[in-house]
Chemist: 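Got a structure for you, questions after.
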Number of protein chains: 2
Amino acid sequence: MGATKTDHFTAEQNEIARLAKALGHPARVAIVQHLIRVNSCICTDVVNELPLAQPTVSQHLRELKDAGLIRGNISGNSICYCIDYDRLHKLHFFIEKLRNNRPNGGKIC
Amino acid sequence: MGATKTDHFTAEQNEIARLAKALGHPARVAIVQHLIRVNSCICTDVVNELPLAQPTVSQHLRELKDAGLIRGNISGNSICYCIDYDRLHKLHFFIEKLRNNRPNGGKIC
DNA sequence: ACTATTAATCGTAATATTGCAATATTAATT
DNA sequence: AATTAATATTGCAATATTACGATTAATAGT
């Protein structure tokens, strides 16, 4: 196999998994951090920032974009990437909802 | 390749990626949701809840445990799994920090 | 027009993940 | 001791991910 059985899960579970998966690689965490620090940047900037080759960075950017965590706007020669804060909020809020169920006292088992 | 270059990233980036990756599959999102709903449960409960075979569930539980998102306590014959809310907080807080950089107005590019 | 810059895509190799049947392990129960 | 119940482990097949060199396509600058 190797293929996830997405059919058997809810839309929300699949969406959250997609967002989390996008953050599930240190390079993509680093890209998101950098992107937030500088507000917006182009692929070359990320390549200079990370110890990865250009095609690899491009691939990571694409995965972040496919998950909706970042957006890319064509700007002449280059593409201006930036965070989609609404999507980041979605993941944040989901985890918040989970945490709200924490029982008083903390430990359970 | 196929192996992540963890050496080149910070401990935080690797840790966050690890946590996010654990949530990066709908089955594991479902397991976490279930675990939070019922506070704690055993592997068999999850097997009855999800459309996955027992070894597959066991594997997903292990990945969640390895990432630190859940804990398992041996209780006689079975193992009582529960959420590690501190670890969940870690991921939540990281995303919160990212979001705090959101510029006034919202859009950037 | 020519050249440089930017970034995507293609092709490929190495490794990881997902899923399950079969089996093993461990502890409770009879 | 034999049986049952709960999980983990093993082995394997299918697929996905990670990484990069080489190439391509498109725009910018000269």
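In what follows, chains carry the letters A, B, and so on, assigned in the order in which the sequence lines appear, proteins first and then strands, with residues in each chain numbered from 1. Given the structure is predicted, the values throughout are model-derived calculations rather than measurements.
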Chemist: Please state how far atom CD1 in A:Ile31 lies from atom P in D:dT18, giving the value in whole angstrom units.
Modeler: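 Taking CD1 of A:Ile31 and P of D:dT18, I get 11 Å after rounding.
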Chemist: For A:Ala53, what residues pass the side-chain contact (heavy atoms from CB on, under 4.5 Å) criterion, not counting sequence neighbours?
Modeler: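 By the side-chain contact (heavy atoms from CB on, under 4.5 Å) rule, A:Ala53 matches A:Pro55, A:Thr56.
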Chemist: With sequence neighbours excluded, tell me which residues meet ring-ring contact (aromatic ring centres under 6.0 Å, His included) with A:His89.
Modeler: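 If we apply the ring-ring contact (aromatic ring centres under 6.0 Å, His included) test to A:His89, skipping adjacent residues, the hits are A:Phe93.
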Chemist: For residues 26-36 of chain B, pull every pair meeting salt bridge (Lys or Arg N to Asp or Glu O under 4.0 Å), keeping only residues two or more places apart or in separate chains.
Modeler: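 Passing the test, one end in residues 26-36 of chain B: B:Arg28-B:Glu63.
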Chemist: Considering residues at least two apart in sequence or located in another chain, which fulfil the ring-ring contact (aromatic ring centres under 6.0 Å, His included) criterion with A:His34?
Modeler: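 Here no residue qualifies.
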Chemist: Compare side-chain N and O positions of A:Arg62 against OP1 and OP2 of C:dT9 and report whether any pair is under 4.0 Å apart.
Modeler: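 Yes, because at least one side-chain N or O of A:Arg62 sits under 4.0 Å from OP1 or OP2 of C:dT9.
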Chemist: Of A:Ser78 and A:Thr4, whose closest DNA chain C nucleotide lies nearer the 5' terminus?
Modeler: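 It is A:Ser78 whose nearest nucleotide is closer to the 5' end.
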Chemist: At less than 4.0 Å, is any side-chain N or O atom of A:Ser58 found next to OP1 or OP2 of C:dA7? Yes or no.
Modeler: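 Answer is no, no contact under 4.0 Å.
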Chemist: What is the separation between atom CG on A:Asp7 and atom C1' on C:dT18, rounded to the nearest whole Å?
Modeler: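 Rounded to whole Å, this separation is 14 Å.
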Chemist: Using a cut-off of strictly less than 4.0 Å between a heavy atom of the residue and any atom of DNA chain C, enumerate the qualifying residues of residues 40-48 of chain A by number.
Modeler: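 Residues of residues 40-48 of chain A that come under 4.0 Å of DNA chain C are, in numerical order, A:Ile42, A:Cys43, A:Thr44.
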Chemist: What residue pairs, at least two apart or across chains, pass salt bridge (Lys or Arg N to Asp or Glu O under 4.0 Å) with a residue in residues 38-50 of chain A?
Modeler: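 Sorted result for residues 38-50 of chain A: A:Arg37-A:Glu49.
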Chemist: Looking at A:Ile36 and A:Tyr85, what are the two nearest heavy atoms and their distance?
Modeler: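 So the two residues come closest at CG1-OH, 3.6 Å.
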Chemist: For nucleotides 20-27 of chain D, just jot down a letter per nucleotide in 5' to 3' order: B, S or -, based on protein non-hydrogen atoms under 4.0 Å.
Modeler: BBB----B
Chemist: Under the rule for side-chain contact (heavy atoms from CB on, under 4.5 Å), what residues qualify as partners of A:Asn39, not counting sequence neighbours?
Modeler: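 So A:Asn39 forms a side-chain contact (heavy atoms from CB on, under 4.5 Å) with B:Pro103, B:Ile108.
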Chemist: Looking at B:Glu15 and B:Arg87, does any basic side-chain N land under 4.0 Å from a carboxylate oxygen?
Modeler: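 Salt bridge: yes.
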Chemist: Tell me, which of residues 16-26 of chain B have any heavy atom that sits under 4.0 Å from an atom in DNA chain C?
Modeler: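 Residues of residues 16-26 of chain B under 4.0 Å from DNA chain C: B:Lys21, B:His25.
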Chemist: What is the separation between atom CG on B:Asp66 and atom C1' on C:dT18, rounded to the nearest whole Å?
Modeler: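 Computing the B:Asp66:CG to C:dT18:C1' distance gives 16 Å.
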Chemist: Could you check B:Ile79 against A:His60 and say which one's nearest nucleotide on DNA chain D is further toward the 5' end?
Modeler: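 The residue closer to the strand's 5' end, by nearest nucleotide, is B:Ile79.
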Chemist: Could you give the CD1-to-C1' distance, from B:Ile74 to D:dA6, as a whole number of Å?
Modeler: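 Roughly 12 Å, once rounded to whole Å.
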Chemist: Not counting sequence neighbours, which residues clear side-chain contact (heavy atoms from CB on, under 4.5 Å) with B:Ala27? List them please.
Modeler: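 B:Ala27 satisfies side-chain contact (heavy atoms from CB on, under 4.5 Å) with A:Phe9, B:His25, B:Leu50, B:Leu52, B:His60 only.
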Chemist: Identify, with sequence neighbours excluded, every residue that meets side-chain contact (heavy atoms from CB on, under 4.5 Å) alongside A:Arg62.
Modeler: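 side-chain contact (heavy atoms from CB on, under 4.5 Å) list for A:Arg62, sorted by chain: A:Asp66.
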Chemist: What's the CG-P distance between B:Asn73 and D:dA8, to the nearest Å?
Modeler: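 In whole Å, D:dA8 P lies 12 Å from B:Asn73 CG.
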Chemist: So, is A:Arg28 near the phosphate of D:dT18, with a side-chain N or O under 4.0 Å from OP1 or OP2?
Modeler: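 Yes, such a contact exists.
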Chemist: Please check this pair: side chain of B:Asp84 against backbone of B:Leu69, looking for a donor-acceptor N/O pair closer than 3.5 Å.
Modeler: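 Not a single qualifying donor-acceptor pair exists.
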Chemist: Return the set of residues passing salt bridge (charged side-chain N to carboxylate O under 4.0 Å, His left out) with B:Lys65 (not counting sequence neighbours), or none when no residue passes.
Modeler: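 Per chain and number, B:Lys65 pairs via salt bridge (charged side-chain N to carboxylate O under 4.0 Å, His left out) with no residue.
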Chemist: To the nearest angstrom, how far is A:Leu61 atom CG from C:dT6 atom P?
Modeler: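 Answer to the nearest Å: 15 Å.
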Chemist: Taking only side-chain nitrogens and oxygens of A:Tyr81, does any of them come within less than 4.0 Å of OP1 or OP2 of C:dA8?
Modeler: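 Yes, because at least one side-chain N or O of A:Tyr81 sits under 4.0 Å from OP1 or OP2 of C:dA8.
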